Amino acid sequence: MKKVRVISVAVIAAMLIQMLGLISFAAELTGSGTAENPYKLATYAELAEFRSKVNSGEIAICAELTADIDVSAETSWTPISGFTGIFNGGGHKISGFGISSDLAGFFQNAGAATIKNLIIQGSVNGVNYSAGIVGGNEISGDISIENC
């Protein structure tokens, strides 16, 4: 019984540490994020890590989905913002997508970016600059959206 309590306490402590952001349990991405060797994304955790990289300023990185990913764990999707790289969905689907705000989409805004072969399944509820793929283009450069 004592062993079970110790394990339970350790699990609860790890969960609290993660929730408080004291330790990051980020997914390890394969690939280098270049056009020649994009990050390979197969899980929700990998997609979230890619989003974190872009939203932290690595806006020109490249990624490719290698599997369908369900993002319904997020009640409202936190968009990828400021993207200027290449995102190849590989014909895979992002399901469980939902967002309710203006300037909203899977990508909040993008410029000089290529987004291709991506299927988004879910809902977008917004009035201004809202769409499934890209909410807006507030960054210089054209966005190429192909086969989405």
Side-chain angles (χ1 to χ4, degrees), residues 8 10-148:
S8 296
V11 169
I12 291 169
M15 290 171 52
L16 287 172
I17 288 169
Q18 183 178 12
M19 287 181 357
L20 294 173
L22 300 175
I23 296 177
S24 175
F25 294 104
E28 184 71 30
L29 298 180
T30 58
S32 60
T34 64
E36 298 77 26
N37 187 20
Y39 290 126
K40 307 291 192 250
L41 312 176
T43 67
Y44 170 77
E46 291 168 341
L47 179 60
E49 177 61 16
F50 170 78
R51 174 184 57 195
S52 178
K53 285 181 175 296
V54 175
N55 290 356
S56 295
E58 294 182 53
I59 61 174
I61 57 179
C62 303
E64 178 179 356
L65 292 184
T66 59
D68 294 346
I69 299 176
D70 181 356
V71 297
S72 61
E74 286 190 41
T75 328
S76 183
W77 173 254
T78 300
I80 299 167
S81 184
F83 185 66
T84 64
I86 300 170
F87 192 93
N88 185 352
H92 293 287
K93 175 174 49 179
I94 302 289
S95 63
F97 177 79
I99 191 166
S100 297
S101 70
D102 289 344
L103 188 58
F106 183 72
F107 293 93
Q108 181 176 30
N109 53 46
T114 298
I115 301 161
K116 59 186 177 181
N117 307 317
L118 179 62
I119 302 164
I120 300 285
Q121 184 179 52
S123 65
V124 177
N125 296 310
V127 177
N128 298 305
Y129 307 104
S130 301
I133 304 289
V134 179
N137 179 5
E138 294 186 332
I139 303 165
S140 65
D142 294 334
I143 303 169
S144 175
I145 299 176
E146 308 164 9
N147 196 28
C148 293

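Keep in mind the model is a prediction, meaning the values are calculated, not measured. Numbers here are sequence positions counted from 1.
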Ile115 vs Cys148 side-chain heavy atoms within contact, under 4.5 Å: yes
Stepwise side-chain contact (heavy atoms from CB on, under 4.5 Å) check, Leu47 with Phe106: CA-CA 11 Å; Leu47 179 60; Phe106 183 72; 3.9 Å; yes
Partners meeting side-chain contact (heavy atoms from CB on, under 4.5 Å) with Thr43 (sequence neighbours left out): Ala45, Glu46
side-chain contact (heavy atoms from CB on, under 4.5 Å) assessment of Asn109 paired with Ser81: CA-CA 5 Å; Asn109 53 46; Ser81 184; 3.6 Å; yes
Value rounded to 0.5 Å, distance of CZ in Phe107 from CG in Leu118: 7.0 Å
Within-4.5 Å side-chain heavy-atom neighbours: Lys53 and Tyr39: yes
side-chain hydrogen bond (donor to acceptor under 3.5 Å, both in side chains) against Thr78, all qualifying residues, sequence neighbours excluded: none
Short side-chain to backbone donor-acceptor contact, Asn55 and Pro79, under 3.5 Å: yes
Side chain to side chain donor-acceptor pair (under 3.5 Å) pairs, two or more places apart, involving residues 61-71: Asp68-His92, Asp70-Ser72
By side-chain hydrogen bond (donor to acceptor under 3.5 Å, both in side chains) - contacts of Glu58 (at least two apart): none
Listed partners of Ala113 passing side-chain contact (heavy atoms from CB on, under 4.5 Å), at least two apart: Phe83, Ala110
side-chain hydrogen bond (donor to acceptor under 3.5 Å, both in side chains) partners of Ser123, counting only residues at least two apart: none
Closest non-hydrogen atom pair between Ser144 and Glu146, with its separation: OG-OE2, 2.7 Å
Pairing residues for Asn147 by the side-chain hydrogen bond (donor to acceptor under 3.5 Å, both in side chains) criterion, not counting sequence neighbours: Asn117
For the student: nearest non-hydrogen atoms of Cys62 and Ala35, plus distance: SG-N, 3.6 Å
CG on Leu65 to CG on Asn88, rounded to 0.5 Å: 8.0 Å
Test side-chain contact (heavy atoms from CB on, under 4.5 Å) applied to Thr84 and Val54, step by step: CA-CA 9 Å; Thr84 64; Val54 175; over 6 Å; no
Thr30: side-chain contact (heavy atoms from CB on, under 4.5 Å) partners, not counting sequence neighbours: Lys40
Interatomic spacing from CD1 in Ile120 to CH2 in Trp77 - rounded to 0.5 Å: 8.0 Å
Contacts of Glu74 that satisfy salt bridge (Lys or Arg N to Asp or Glu O under 4.0 Å) - sequence neighbours left out: Arg51
Any residue meeting side-chain contact (heavy atoms from CB on, under 4.5 Å) with Asp142, in chain and number order, not counting sequence neighbours: none
For the student: nearest non-hydrogen atoms of Val124 and Ala104, plus distance: CG1-O, 4.5 Å
Derivation of the side-chain contact (heavy atoms from CB on, under 4.5 Å) call for Phe87 and Ile133: CA-CA 11 Å; Phe87 192 93; Ile133 304 289; over 6 Å; no
Residue pair Ala42 / Ala67: nearest heavy atoms and the distance that separates them: O-CB, 3.8 Å
